[in-house]
Amino acid sequence: MAEETLTIRDNRTGTEVEIPVSDGTIHATDLRQLGLMSYDPAFLNTASTRSGITYIDGDAGILRYRGYPIEQLAEHATLLETAWLLFEGELPTRDQLETWEEEVRLHTYVHTNVMQFLDGFRHDAHPMGMLLGAVAALSTFYPDAKEIGDVESRRLQRVRLIAKFPTIAAWVFRHSRGLPYVFPRNDLDYIGNFVNMTFEIGGVHEPNPVLQRALEILLVLHADHEQNASTNAVRGVGSTQVDPFSAVSAGIAALYGPLHGGANEQVLRMLDEIGDVKNVPAFIEGVKNHERLLMGFGHRIYKNYDPRAKLIKRVADDVFAQTGIDPKLEIALELERIALEDDYFVSRKLYPNVDFYSGIIYRAMGYPTDYFTVLFALGRLPGWLAQWEEMLSDSEQKIARPRQIYTGYDERDFVPIAGR
Ligand code: ACO
């Protein structure tokens with residue numbers, strides 16, 4: 001028996017069992033000896049995995065990837081360096097980083113057929129719907145991606161996804177604007193190439209290094225967030241042993257939702273609707289009356305200021321120094337000021353989350369509102385892939401298949417249609 005244990009007495013039968021406690025958890029399967037299941041809709045108190053990737057202390061507002069504080073990574077690391085860290089567990093050496101960057105660069109092109117099915121989308125198709133479809137479709141171009149038991153194949157698919165995702169994301173942007181697709185350029189870095197593929201017109205794009213670095217910091221801040229809804233979707237779908245393109249498209253679908261990555265889009269829509277600082281108090285009253293949510297506030301894990309939101313506020317200063325202040329920022333600051341003093345928000349520990357300011361920054365950079373979540377997906381991709389790899393290498397994992405408490409009818413006889 002383990003050193004730490006829990007004794008459970010079943011008052012229905014008087015049976016007592018002692019079950020091991022490790023890492024502050026009990027195994028739900030140990031409850032079987034009492035004929036019990038645990039019930040935890042929305043996983044409020046259930047760990048689905050052991051993970052060595054990301055550490056969050058939601059009360060203290062701490063976020064670390066592989067032990068490194070997010071503040072230090074945001075200051076010093078590139079997105080590809082962060083991706084390597086997430087995959088390999090260590091920061092890359094200079095040689096490793098150069099080889100990794102080169103490998104990604106060599107895989108940035110996608111089959112030209114991808115253009116044809118992007119063309120099939122309506123002009124006003126939501127960018128996330130297009131991204132989701134196009135990434136899932138990549139699985140049909142790489143049938144070898146089904147070999148998920150082969151470590152080298154998994155590594156190759158990871159490179160392909162990291163390399164091709166910006167190309168598809170940029171082409172989705174071009175499709176929405178009715179602009180011709182721009183091909184990847186091997187002389188640019190990862191972010192520079194993505195920005196060029198989105199904004200180049202007539203062969204010309206003047207890169208703004210401050211805005212590019214700001215975008216990169218935002219993406220690093222989004223790179224992983226342990227078992228969030230979209231990562232859980234990638235792991236859950238990936239646990240069926242489907243190829244990673246399909247598993248990642250499940251993550252994109254989950255991220256699309258307004259309670260997850262779609263929140264940054266909703267924040268902008270909310271700010272547009274509020275329209276003016278003078279309307280903020282009335283809006284807050286509506287939130288307190290449970291008529292609506294204050295989008296960009298609250299988090300399942302953070303019951304303190306989201307450390308990413310703090311860093312993003314700093315990025316906002318750099319960006320607005322280049323682009324000029326967005327009047328929506330004033331409304332956001334006022335919402336935050338009132339909310340942080342109001343008992344409704346204070347007592348529920350509701351603080352700004354990563355999405356509260358990211359949308360305003362993306363808009364200042366020239367991205368339309370319905371594109372924000374695509375940027376989130378680009379940032380989160382390394383995390384999804386690192387978690388997918390960890391899941392497949394974990395001997396404790398099996399196909400993810402929850403149980404249920406059945407609440408329907410007992411057996412009853414079929415009634416022919418004439419008798420209903
Ligand atoms: N505005 C107003 N009230 C809120 C908000 C909000 N944004 N978030 C939570 N609350 C209230 C709830 O109504 C509830 O109040 P009650 O106790 O009176 O019923 C209480 O705070 C607890 O909220 P829950 O919904 O139980 O918290 P949960 O952990 O399930 O939800 C979530 C977390 C989904 C993020 C929620 O805070 C929310 O909907 N926020 C707005 C959407 C958003 O910004 N999502 C982005 C999350 S970050 C990310 O995905 C990157």
Side-chain angles (χ1 to χ4, degrees), residues 40-46 54 56 58-59 61 63 65 70 74 128 217-234 250-271 273-274 280-313 315 331-332 334-362 369 372-384 387:
D40 189 9
F43 304 118
L44 290 174
N45 195 35
T46 294
T54 289
I56 301 177
D59 291 325
L63 169 61
Y65 301 159
I70 192 64
M128 281 298 275
I217 292 174
L218 257 62
L219 300 183
V220 167
L221 295 180
H222 285 86
D224 194 50
H225 213 233
E226 48 119 307
Q227 306 311 313
N228 59 91
S230 56
T231 299
N232 184 52
V234 172
I252 299 173
L255 194 70
Y256 194 176
L259 295 188
H260 190 13
N264 55 14
E265 180 177 338
Q266 299 305 322
V267 170
L268 257 279
R269 299 202 189 288
M270 174 184 80
L271 296 177
E273 193 191 321
I274 296 172
V280 167
F283 182 87
I284 292 277
E285 275 316 299
V287 172
K288 287 162 62 177
N289 293 334
H290 285 286
E291 288 159 20
R292 55 191 315 161
L293 290 171
L294 176 53
M295 299 310 287
F297 259 68
H299 199 278
R300 172 59 60 79
I301 303 291
Y302 293 117
K303 302 301 173 195
N304 195 330
Y305 214 100
D306 181 337
R308 301 167 302 171
K310 259 189 211 156
L311 293 164
I312 282 182
K313 266 181 102 171
V315 173
I331 301 176
E334 183 63 1
L335 277 171
E336 183 187 339
R337 189 188 67 76
I338 297 188
L340 291 182
E341 286 173 358
D342 191 295
D343 187 55
Y344 174 93
F345 298 91
V346 174
S347 63
R348 289 173 177 77
K349 300 189 175 172
L350 299 171
Y351 292 88
N353 60 48
V354 68
D355 285 327
F356 193 63
Y357 288 105
S358 63
I360 310 176
I361 300 176
Y362 290 145
T369 306
F372 298 164
T373 317
V374 173
L375 296 168
F376 190 157
L378 179 60
R380 181 56 51 88
L381 177 66
W384 288 335
Q387 299 270 353

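Atoms within a ligand are numbered from 1 in the order they appear, just like the ligands themselves.
One N or O on the side chain of Y65 and one on the backbone of A223 form a donor-acceptor pair closer than 3.5 Å. Between the side chain of H260 and the main chain of S230, a donor-acceptor pair closer than 3.5 Å is present. When atom types are taken as modelled, the side chain of D342 and the backbone of Y344 share a donor-acceptor pair closer than 3.5 angstrom.
Among L375, V234, T231, I252, the one residue that satisfies the side chain to side chain contact (heavy atoms under 4.5 Å, CB included) test with R380 is T231.
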Sequence neighbours excluded and cut-off under 3.5 Å, please list the side-chain donor-acceptor pairs for residues 353-362, or say none.
residue : atom : partner : partner atom : Å
N353    : OD1  : D355    : N            : 2.9
N353    : ND2  : G296    : O            : 3.3
N353    : ND2  : G298    : O            : 2.8
Y357    : OH   : E336    : OE1          : 2.2
S358    : OG   : V354    : O            : 3.4

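The pair R269-E273 does not meet the salt-bridge criterion, since no charged nitrogen lies less than 4.0 angstrom from a carboxylate oxygen.
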Does ligand 1 have any N/O atom under 3.5 Å from a protein N/O, and what are those pairs and their distances?
residue  : atom   : partner : partner atom : Å
ligand 1 : 1 (N)  : L294    : N            : 2.9
ligand 1 : 3 (N)  : Y344    : OH           : 2.8
ligand 1 : 7 (N)  : L294    : O            : 2.7
ligand 1 : 7 (N)  : F297    : O            : 2.9
ligand 1 : 15 (O) : R348    : NE           : 3.2
ligand 1 : 18 (O) : H290    : NE2          : 3.3
ligand 1 : 18 (O) : R348    : NE           : 3.2
ligand 1 : 18 (O) : R348    : NH2          : 2.9
ligand 1 : 29 (O) : R300    : NE           : 2.9
ligand 1 : 30 (O) : R300    : NH2          : 3.0
ligand 1 : 40 (N) : F297    : O            : 3.0
ligand 1 : 44 (O) : G296    : N            : 2.8
ligand 1 : 44 (O) : N353    : ND2          : 2.9
ligand 1 : 45 (N) : L259    : O            : 3.1
ligand 1 : 50 (O) : H260    : ND1          : 2.9

